[in-house]
Engineer: 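Have a look at this one.
The sequence lines fix the lettering, A, B, ..., with proteins before strands; numbering per chain opens at 1.
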There are 2 protein chains.
Amino acid sequence: MFSDLEAPLYEIKANLFKGLAHPVRIRVLEILAASPGQSCPVSALLEGTGLEASHLSQHLATLRRHRVVTSSRAANAVTYSLAHPMVAELLAIARTFLLDTLADSREQLAAARQLPAVGAR
Amino acid sequence: MFSDLEAPLYEIKANLFKGLAHPVRIRVLEILAASPGQSCPVSALLEGTGLEASHLSQHLATLRRHRVVTSSRAANAVTYSLAHPMVAELLAIARTFLLDTLADSREQLAAARQLPAVGAR
DNA sequence: TGACGATATGATGGATTCGTCAATCCATTC
DNA sequence: GAATGGATTGACGAATCCATCATATCGTCA
């Protein structure tokens, strides 16, 4: 029952990650990060993700709530932007971490496949 | 129903963040990151967090499932370590991002408080 | 003004996650 | 090999999150 302004930092941090913890939201952020000015209109996001408008809009709302993106209206189109370049950095680090880790587990998997098939393993 | 080895990267990434999306897990990771060798025994984590053993253990299990930490047993004490230094980096970036953002919102809050109290706002 | 395109909000049932308790496993020491 | 201490697993109600549908808002243009 804290507002983010007074909660201990680890709560806030957990909350940030909760905001990122959904494939749709990751895709949106990646599209934004790759767009010029790290921002693009909802219509582009709709097209990029192939989602139904209201579904996308809900996820955009949670990204907004978590202050990861900001929105602004121009005429009757709304444009979203990353709230901070560090968001992109966060994604980039997650990416290299995962590629690294996945490489490892693929190696292990390959190694395991070389073993004789003893028992139900 | 993908195993992480074949899912699209944005699913895997979302999954990673889901693994980090809990205050207890963040605290654990921070303690690990600050410990020598980025690793320490469960007993220290227990003390550091003040949690009940089984509760902590469940969160350690999810961190393991997400491959963010690794565990190893020495005698009858188990030691956990960050799976990769990049995990610490992820936390560090989240931290500076949040401090930055919080500074902004505190400013806005302070500014708002200066306004006359018009209506129910 | 009123109808329309673009986006946002509310409500609902189904799935996932959380915290607590009891029970279990594993290695040591007597 | 029984008992003990450290750590993990299983089970279950409570809380939270997700996808879908229906409805509402905002700005524009006729």
Engineer: Taking B:Leu45's backbone N and O only, do any of them form a donor-acceptor pair with B:Thr49's side chain (distance below 3.5 Å, no angle check)?
Structural biologist: yes
Engineer: Looking at every strand, decide which applies to B:Thr62 at a 4.0 Å heavy-atom threshold: base, sugar-phosphate, or nothing.
Structural biologist: nothing
Engineer: Reckon B:Ala75 touches a base, only the sugar-phosphate, or nothing at all at heavy-atom distances under 4.0 Å?
Structural biologist: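 If one applies the 4.0 Å heavy-atom cut-off, B:Ala75 turns out to touch the sugar-phosphate alone, with no base involved.
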Engineer: Within the structure provided, determine whether B:Lys13 and A:Leu98 are in side-chain contact (heavy-atom separation under 4.5 Å).
Structural biologist: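 B:Lys13 vs A:Leu98: side chains touch.
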Engineer: Quick one: is D:dT8 close enough that its OP1 or OP2 comes under 4.0 Å of any side-chain N or O from B:Arg65?
Structural biologist: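 Looking at the OP1 and OP2 atoms of D:dT8, neither is under 4.0 Å from any side-chain N or O of B:Arg65.
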Engineer: To check you understand the geometry: which heavy-atom pair defines the closest contact between A:Gln38 and A:Pro85, and what is its length?
Structural biologist: OE1-CA, 3.8 Å
Engineer: Would you mind telling me which residue lines up with the more 5' stretch of DNA chain D, A:Glu52 or A:Arg73, judged by nearest nucleotide?
Structural biologist: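 Looking at DNA chain D, the more 5' nearest nucleotide goes with A:Glu52.
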Engineer: Across the strands shown, which category fits A:Ser43 at heavy-atom distances under 4.0 angstrom: base, sugar-phosphate, nothing?
Structural biologist: sugar-phosphate
Engineer: Tell me which of A:His59 and B:Asn76 sits closer to the 5' end of DNA chain D, going by the nucleotide each one is nearest to.
Structural biologist: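 It is B:Asn76, whose closest nucleotide lies nearer the 5' terminus.
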Engineer: Establish, with yes or no, whether the OP1 or OP2 oxygen of D:dG6 is under 4.0 angstrom from a side-chain nitrogen or oxygen of B:Tyr80.
Structural biologist: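 No, B:Tyr80 has no side-chain N/O under 4.0 Å of OP1/OP2 on D:dG6.
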Engineer: Establish, with yes or no, whether the OP1 or OP2 oxygen of C:dG19 is under 4.0 angstrom from a side-chain nitrogen or oxygen of B:His22.
Structural biologist: yes
Engineer: Report yes or no: is there a donor-acceptor pair, N or O only, under 3.5 Å between the side chain of B:Gln58 and the base of C:dT17?
Structural biologist: no
Engineer: For B:His55 and D:dT9, give me the distance from atom NE2 to atom P, rounded to whole Å.
Structural biologist: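 Distance, rounded to whole Å: 15 Å.
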Engineer: Report the relative orientation of the aromatic rings in A:Phe97 and B:His84; use parallel for angles under 30°, tilted for 30 to 60°, perpendicular for over 60°.
Structural biologist: perpendicular
